[in-house]
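Numbers for residues simply follow the sequence, beginning at 1.
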Amino acid sequence: MAYEKTPGDHRRKWDADEYEKLAKERLEEELAKESGSNEREIPIKRELLQPRDYKVDLDSKLGKSQVITKTTPAFQQGGYFCNVCDCVVKDSINFLDHINGKKHQRNLGMSMKIERSTLDQVKKRFEMNKKKKEEKKKEYDFDERMKELKEEEEKQKAYKKEKRKERKRKADTDLDEGDDDMAALMGFSGFGGSKK
């Protein structure tokens, strides 16, 4: 018992020895936890920083209006929502800073360290860039071909336009002849164009 109470005395008398013993036990437990936790804590091995394999969508909400109320969920509020960190960033520059930042990368399970390239990797990269340049030369031929196709399309459109105009002219001349016949049936030959 932590304190003693005698029947005639209404004041509590504390047992100092018992409380001293409890305090020492508590201190020993805390020290054991601190020393044990340091031994148990192994640093988390995070992946090395990697390039993004997706395109960051900054333009989808550009120029659009949205009504925001008190009950609107965070991901629908104004600004850019990061579903990894569950936060809203108000503009595109800060959103990009957040995505490239330490906190976001940690939440993705990556450290801010990058892998050192070996000599073989650098050589492969140079070879890949040479191949890309060669492909671009081939693409120029593709671009020329596309220009030719566009010119052909324009010629086709012009030809169709001419055909339509010809049909329209034919239809107009047919209607004009019909109007003269109709006017003669109604009893007048024209609308003041020539005197008889």
Side-chain angles (χ1 to χ4, degrees), residues 26-161 163-165 168:
R26 190 177 65 232
L27 280 173
E28 288 173 6
E29 285 177 14
E30 287 177 3
L31 289 172
K33 281 183 184 177
E34 286 178 11
S35 63
S37 65
N38 287 342
E39 293 171 6
R40 290 181 198 156
E41 274 187 34
I42 300 170
I44 299 170
K45 181 72 175 171
R46 297 184 188 275
E47 292 180 36
L48 295 173
L49 195 60
Q50 297 172 352
R52 272 191 289 277
D53 56 348
Y54 60 92
K55 186 176 183 280
V56 179
D57 182 27
L58 298 175
D59 300 333
S60 65
K61 292 184 179 180
L62 195 63
K64 293 184 181 175
S65 300
Q66 187 175 6
V67 177
I68 299 171
T69 62
K70 291 180 182 178
T71 58
T72 304
F75 67 90
Q76 290 181 346
Q77 288 184 357
Y80 298 93
F81 180 73
C82 174
N83 52 5
V84 175
C85 303
D86 195 35
C87 66
V88 176
V89 185
K90 296 297 179 187
D91 60 17
S92 61
I93 295 171
N94 286 335
F95 183 64
L96 287 173
D97 286 344
H98 168 75
I99 284 178
N100 296 328
K102 194 173 189 177
K103 180 183 172 189
H104 182 82
Q105 297 300 333
R106 273 215 175 133
N107 287 342
L108 285 175
M110 287 189 250
S111 68
M112 294 301 283
K113 296 178 183 173
I114 56 172
E115 183 182 354
R116 285 190 63 95
S117 299
T118 63
L119 182 63
D120 293 333
Q121 289 174 330
V122 174
K123 286 180 180 178
K124 285 180 184 175
R125 178 64 68 150
F126 276 125
E127 287 175 22
M128 192 170 71
N129 286 340
K130 282 182 183 179
K131 287 179 183 176
K132 279 185 182 178
K133 282 186 179 180
E134 290 172 6
E135 286 177 11
K136 282 184 181 178
K137 288 178 183 175
K138 291 177 184 176
E139 285 180 17
Y140 290 132
D141 297 338
F142 176 74
D143 290 338
E144 289 175 15
R145 179 71 179 135
M146 288 299 291
K147 285 179 185 176
E148 290 173 7
L149 288 173
K150 283 183 183 179
E151 289 173 1
E152 284 182 35
E153 278 183 38
E154 288 174 9
K155 287 178 184 177
Q156 286 285 344
K157 284 181 184 178
Y159 178 73
K160 286 181 181 179
K161 210 173 195 181
K163 282 278 195 182
R164 259 189 249 126
K165 283 183 181 178
K168 211 172 193 180

CD of Gln156 to CG of Leu149, rounded to nearest 0.5 Å, is 11.5 Å
The salt bridge (charged side-chain N to carboxylate O under 4.0 Å, His left out) partners of Glu153 (sequence neighbours excluded) come to none
For side chain to side chain contact (heavy atoms under 4.5 Å, CB included), just list the numbers for Arg125 and Asn129, CA-CA rounded to whole Å, side-chain angles, deciding distance to a tenth of an Å, and then say yes or no.
-> CA-CA 6 Å; Arg125 178 64 68 150; Asn129 286 340; 4.1 Å; yes
- [ ] Measure the shortest side-chain to side-chain distance between Asp86 and Phe81 over non-hydrogen atoms and say whether it is less than 4.5 angstrom.
- [x] yes
Sub-3.5 Å donor-acceptor pair from the side chain of Glu152 to the main-chain atoms of Lys147, do we have one? no
On a heavy-atom basis, the closest approach of Gln50 and Met110 is N-SD, 3.6 Å
For Arg46 and Arg106 the tightest heavy-atom approach is NH1-O, 3.2 Å
dist Tyr80:OH -> Asp57:CG (nearest 0.5 Å) comes out at 8.0 Å
Output for pair (Lys103 NZ, Cys87 SG), nearest 0.5 Å, gives 5.5 Å
Side chains of Lys157 and Glu154: closer than 4.5 Å at any heavy-atom pair?
-> no
Flag the pair Lys33 and Glu30 as a salt bridge only when some basic side-chain nitrogen lies within less than 4.0 angstrom of an acidic carboxylate oxygen. no
Given the options Asn100, Val88, Val56, Phe95 meets side-chain contact (heavy atoms from CB on, under 4.5 Å) only with Val56
To the nearest 0.5 Å, atom CG of Leu58 lies from atom NZ of Lys55 at 7.0 Å
Q) Relative to the ring of His98, is the ring of His104 parallel (under 30°), tilted (30 to 60°) or perpendicular (over 60°)? A) perpendicular
Heavy-atom closest pair (Gln77 atom, Thr72 atom, distance to 0.1 Å) is NE2-O, 3.4 Å
Between the CG atom in Leu48 and the CZ atom in Arg116, the distance rounded to the nearest 0.5 Å is 12.0 Å
Output for pair (Met112 CE, Leu49 CG), nearest 0.5 Å, gives 5.5 Å
Closest non-hydrogen contact found for Glu115 with Gln121 is OE2-NE2, 3.8 Å
Answer yes or no: does atom CD1 of Ile68 have more than 12 heavy-atom neighbours from other residues, nucleotides or ligands under 6.0 Å?
-> yes
